[in-house]
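As structure tokens, the structure follows; a few thoughts come after it.
Sequence lines set the chain letters: A, B, ... in the order given, protein chains first and strands last, and positions in each chain run from 1.
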Amino acid sequence: MLIFECPYCGVHAEESELSPGGEAHLKRFGPGSDDADFESYLFIRENPKGVHFERWRHSNGCGKWFHAARCTMTLEVFGTYVAQTFEPPQDLKEKITAKRPGWSWRDFS
Amino acid sequence: MKRYSAFAIAREALRFHSGWERAWRNPEPKKKYDVIIVGAGGHGLATAYYLGRNFGITNVAVIEKGWLGGGNTGRNTTIIRSNYLQDPSAAIYEKARSLYENLSQDLNYNVMFSPRGVMMLAQTHHEIRGYQRTAHANALQGVTTEFISPQKVKELCPIINLDGPRYPVLGALWQPRGGTARHDAVAWGYARACSDMGMDIIQQCEVKAVRQNDGKVVGVDTTKGAIDGDKLGLVVAGHSGVLADMAGFRLPVESVALQALVSEPIKPCMDVVVMANTVHGYMSQSDKGEMVIGGGADGYNNYTQRGSFHHVEETVRALVETFPMISRLKMLRWWGGIVDMTGDRSPILSKTPLENCFINCGWGTGGFKAIPGSGWGMAELMAKGQSSLTEEFTMSRFKDGKFIDESVAAGVAH
């Protein structure tokens, strides 16, 4: 069972208290964008076997959206961070590097 | 290959069963093949089989990381149906269902196809309208289905509770020629037939890289060395994203865990398959007497072949409402498989940006029922470059907006 610490209310919430919200840090495209950009925004996903960044919502708690870093191969949770950012905080990236040397995810590593 | 028959059983009985041969060879890879299929699950083996049977291409290797049929082929709930709404889906699933009818004879291997009938319960007024629409669409597609009354539901499945506490049963979409088959036997039967045609099924051989030259595939690097191939088929379900990454393209696919469980065996009490999509659970009884239960998929990416406890709890809770008599049953086994979900919940059978590399993935929560049809279409696509069964299931449909939207039919349960 996944357990995340909500970065807003500080509660250690287990999975049934949370709703998964899919891949994090998507680049959004609106009307007028070309088909390839729209496809990548709506459908193409990293789907990595290993380190992954996601959005979750503390739906049966404070109700806030937040980000989480997790391993899809072991279900290990590396950490969580606030929603108002375009990339994971440096200390979280270093923590992941200590556990998964050489990891990369999109442009992050 | 010695054929299996009643006579063969009698013959072997007279000599202490000393004459049975291995069902398939276990060869070392050759240097080069005409076609390499990655993934010896049902879909990969069926692709290889129909390449040989329909197109005479037998210089084929099927490469498998684990053991054949050990992934989702051996993990599903064995339901076979073809009552889909969209025409391309109905075509490929009905092709598969009709091939299942004679598959045991075709393969000379008993896949225990049991057309016991599949019913999908309508438990809201919205569902009634949805399933009536599907029944009309199926009539036009030539798929035999019927919308039936609650009384008929009770007649077909006496253990059902029509007046459930949350959702009463208001009717059902009934496909009398749907049913179940023995999932392992489907993989084993195809493997035996492929091996008999001279194809090599190479197990415990993991693909590490896809080699290419000038935008064309030339082979794969594996844990058993480099293998050259003129054409490559990627048929690896949950790990499609990993293989696509090796081949240098991206997929509109996400891998999530889907779980199933079986109860202790009990006396025969249910001879149809019942799916309840509103409350989220489905159940059938295996020939051994176990109740085979499935439910919804997890909502987050996962490669671990195990899923969330609360999803199973939700499924079982729903089924106890629908079938109160199962409330005291003990569950014997519980497992998960990694399924590859696309945005429109329809599969991808397609050419890829890498020339001579083809992909068959995205079957999501409902691949087992499609195995023969998928293999049939994929083989035609790989042999001839196009197939009427697969032409709508391209990778590019997500860019072109030509979705085959089955999320209502397939996103919930199979």
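At a 4.5 Å heavy-atom cutoff, B/Val256 makes no contact with chain A through either its backbone or its side chain. Contacts of A/Leu2 with chain B are made by side-chain atoms alone, with heavy-atom separations under 4.5 Å and no backbone atom involved. The contact between B/Phe403 and chain A is made entirely by side chain atoms (from C-beta outward), counting heavy-atom distances below 4.5 Å.
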Please tabulate the donor-acceptor pairs under 3.5 angstrom that span chain A and chain B, backbone and side chains included.
residue, atom, partner, partner atom, Å
A/Glu15, OE2, B/Tyr300, OH, 3.1
A/Glu15, OE2, B/Ser308, OG, 2.1
A/Glu15, OE2, B/His310, NE2, 3.4
A/Glu46, OE2, B/Arg250, NH2, 2.7
A/Asn47, O, B/Tyr303, OH, 2.8
A/Asn47, OD1, B/Ser255, N, 2.9
A/Asn47, OD1, B/Asn301, ND2, 3.2
A/Asn47, ND2, B/Val253, O, 3.4
A/Asn47, ND2, B/Ser255, OG, 3.0
A/Asn47, ND2, B/Tyr303, OH, 3.4
A/Lys49, NZ, B/His239, NE2, 2.7
A/Arg70, NH1, B/Asn301, O, 3.4
A/Arg70, NH2, B/Asn301, O, 2.6
A/Thr72, O, B/Tyr303, N, 2.8

